[in-house]
Amino acid sequence: MSHHLVDFIDVSYSYLDGNKAIENLNARIHHGEAVGIVGANGAGKSTMLKLLVGILMPEQGEIRLGDLPVTKKTLSIVRQTVGFTFQDPEDQLFNITVYDDVAFGPRNYGLDEKEVEKRVVSALQTVGIEHLMHRAPYKLSGGEKRAVSIATVLSMEPNVLAMDEPTAALDPKSRRRLIELLQGFKHTKLIATHDLDLVMELCSRTIVLKDGRIEYDGPTAEIMKNTLLLEQCGLEQPLMLQGCPICRQK
Amino acid sequence: MANITQAYYKMFILDELADKKTAIHRINPIVKIMVTVIYLLMVVSYDKYDIIGLMPLFFYPVIIMSVGDIPFKPMLAGLAIAAPLVAGVGMFNPLLDRNIVSTMFGIGISAGMLSLLALLVKCSLTVLAALLLLATTGMNKIAAALQRLHIPQIFIMQLLLTYRYISVLMGEASRVYYAYNLRAPNQKGISSKIWGSLIGLLLLRTYDRASRLYQAMKLRGFENQFFGGCLDKLQKKDIMYLLGWTGFFIIVRFINIPMLLGVFVTGVIK
């Protein structure tokens with residue numbers, strides 16, 4: 001049984017006020033693929049990721065991880081398979097020390113303390129913040145909090161990483177470190193973001209959402225050149241593709 | 001309200017103090033909880049006018065603070081929150097119980113005043129004991145010890161989540177307060193006209209934030225259970241600590257040491 005394929009099959013979701021957040025969404029994401037999910041505010045990016053991890057349940061259609069449908073009964077396995085990081089890392093950090101936060105998931109899955117420690121150390125080493133192990137999360141910088149929030153999901157050893165605005169509120173250096181870190185991950189990655197430069201660097205494929213529908217699904221390099229479509233979807237070209245603001249040369 | 005952000009950060013001081021490695025911190029959390037419970041029972045068992053009898057019980061917080069290297073300031077902050085509530089409860093005692101039981105410098109002291117004072121002393125002792133337990137043990141270890149004592153999971157989770165919710169509430173209150181203050185620089189505090197809407201907003205915001213935290217917990221396999229982590233086995237020093245303090249509490253409860261001292265001192269002077 002492979003959990004590495006992620007399938008959105010004719011998925012629709014509306015909020016309680018009747019507002020359609022996702023409409024007839026179809027997408028298949030393959031093992032190891034890095035997919036950027038972009039779109040204007042309210043396009044349905046975060047909703048798509050929340051549907052994937054079962055925070056929200058589709059009103060129509062189905063989401064599958066390989067053979068496994070995402071249902072209330074399978075949530076435990078789904079959430080072990082997909083690691084989800086929130087837009088605000090503070091929402092993920094609620095323990096007294098970084099160690100306890102990273103250990104929270106493995107402990108909940110009933111691993112013994114030795115295995116928990118192994119996983120915590122390994123996750124912290126992967127994101128390069130082993131030295132923060134005994135620090136209080138609320139005292140960390142934005143970049144460090146983001147790194148800890150990634151470590152909290154890595155300790156669960158997921159196959160798929162779903163990240164909501166991973167570079168939001170990061171300074172340029174922290175952002176660069178995060179990109180380099182993510183480039184090193186072999187996981188399947190779904191990254192919902194407004195940071196199109198990040199998508200250019202990390203994702204070979206991009207899904208553009210507009211009003212809950214897929215407007216484009218294909219190679220990143222192509223869509224980033226399509227200024228008209230980007231504009232129609234409330235986006236603009238990544239800065240790296242725009243001309244120099246001073247000499248206008250690309 | 002002006003120092004709400006400071007209060008927010010002060011909240012975490014107790015957790016930070018719990019990371020120290022003093023002799024008190026190394027005592028088994030189960031034993032510390034037991035000693036605290038015995039102490040609380042002793043404090044509340046005193047007669048409502050018995051202030052003198054309570055005095056020797058101040059030894060406990062003083063010794064824990066000095067051996068555990070716990071600063072008094074954060075303890076005082078905790079007392080400052082609890083004392084007005086207790087004072088509110090007991091403020092009518094002097095009006096309801098007006099029997100003069102003693103005079104001091106020619107001023108009559110009513111039984112109601114004594115009982116109010118005793119109430120405040122009891123409040124100080126009990127709040128200090130609870131804060132010191134937190135500052136020398138930490139909430140996670142307290143929860144682990146409660147689990148070992150077979151306290152139902154639901155109560156432990158309630159305790160942990162409430163403790164965390166307070167920090168969420170204070171964090172949001174601090175943001176709302178700053179947002180308000182930046183657009184009302186000439187005001188002192190928050191206008192009473194918008195208290196209602198502001199509190200409503202605060203509750204909605206904290207509810208949203210708490211929901212997101214809960215989602216984050218659920219995503220990492222949380223099923224309303226608590227895995228307490230490791231607690232050391234009971235050692236000789238833990239048993240000694242328990243017996244020592246229990247013995248001390250029993251002695252001061254049944255032998256009025258301040259009175260004996262008074263008799264001894266006045267006898268010597270005579």
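The chains referred to below are lettered A, B, ... by the order of the sequence lines, with proteins before strands, and numbering in each begins at 1. These figures come from a predicted structure and were not determined experimentally.
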**Q** Above 12 or not: heavy atoms from other molecules or residues under 6.0 Å from CZ of B/F58?
**A** yes

**Q** One pair to check against side-chain contact (heavy atoms from CB on, under 4.5 Å): A/T97 and B/N140. What are the steps and the verdict?
**A** CA-CA 11 Å; A/T97 64; B/N140 273 3; over 6 Å; no

**Q** Other residues, nucleotides and ligands only: do more than 12 of their heavy atoms fall within 6.0 Å of NZ on A/K118?
**A** no

**Q** Count the heavy atoms belonging to other residues, nucleotides or ligands that lie under 6.0 Å from CD of A/E62, then report whether that count exceeds 12.
**A** yes

**Q** If I measure from the heavy atoms of chain B, does A/T85 come under 4.5 Å with its side chain, its backbone, both, or neither?
**A** neither

**Q** Above 12 or not: heavy atoms from other molecules or residues under 6.0 Å from CE of B/M240?
**A** no

**Q** Is chain B contacted by the side chain of A/F86, its backbone, both, or neither, given a heavy-atom distance below 4.5 Å?
**A** side chain

**Q** Surrounding OH of B/Y165 (heavy atoms of other residues, nucleotides or ligands, distance under 6.0 Å), is the total greater than 12?
**A** yes

**Q** Other residues, nucleotides and ligands only: do more than 12 of their heavy atoms fall within 6.0 Å of CE on B/M34?
**A** no

**Q** Please flag which part of A/D101 lies under 4.5 Å from any non-hydrogen atom of chain B: side chain, backbone, both or neither.
**A** both

**Q** Find out whether B/E223 and A/N108 are in side-chain contact, i.e. whether some heavy atom of one side chain is under 4.5 Å from a heavy atom of the other.
**A** no

**Q** Flag the pair A/E90 and B/R212 as a salt bridge only when some basic side-chain nitrogen lies within less than 4.0 angstrom of an acidic carboxylate oxygen.
**A** no

**Q** Is there a donor-acceptor pair under 3.5 Å between the side chain of A/D91 and the backbone N or O of B/L213?
**A** no

**Q** Hey, is CG on A/D10 packed in by over 12 heavy atoms from elsewhere, all under 6.0 Å?
**A** yes

**Q** Could you tell me whether the side chain of B/R220 reaches within less than 4.5 Å of the side chain of A/R79, counting heavy atoms only?
**A** no

**Q** Is chain B contacted by the side chain of A/D100, its backbone, both, or neither, given a heavy-atom distance below 4.5 Å?
**A** side chain

**Q** Less than 4.5 Å apart, side chain to side chain, heavy atoms only: is that true for A/V153 and B/L219?
**A** no

**Q** Calculate, to the nearest 0.5 Å, the distance between atoms CD and CZ belonging to B/E16 and A/R135 respectively.
**A** 10.0 Å

**Q** With a sphere of 6.0 Å drawn around CG of B/L85, does it hold more than 12 non-hydrogen atoms of other residues, nucleotides or ligands?
**A** yes

**Q** Identify the heavy atoms of A/F94 and B/A216 that sit nearest to each other, and give their distance.
**A** CE2-CB, 4.3 Å

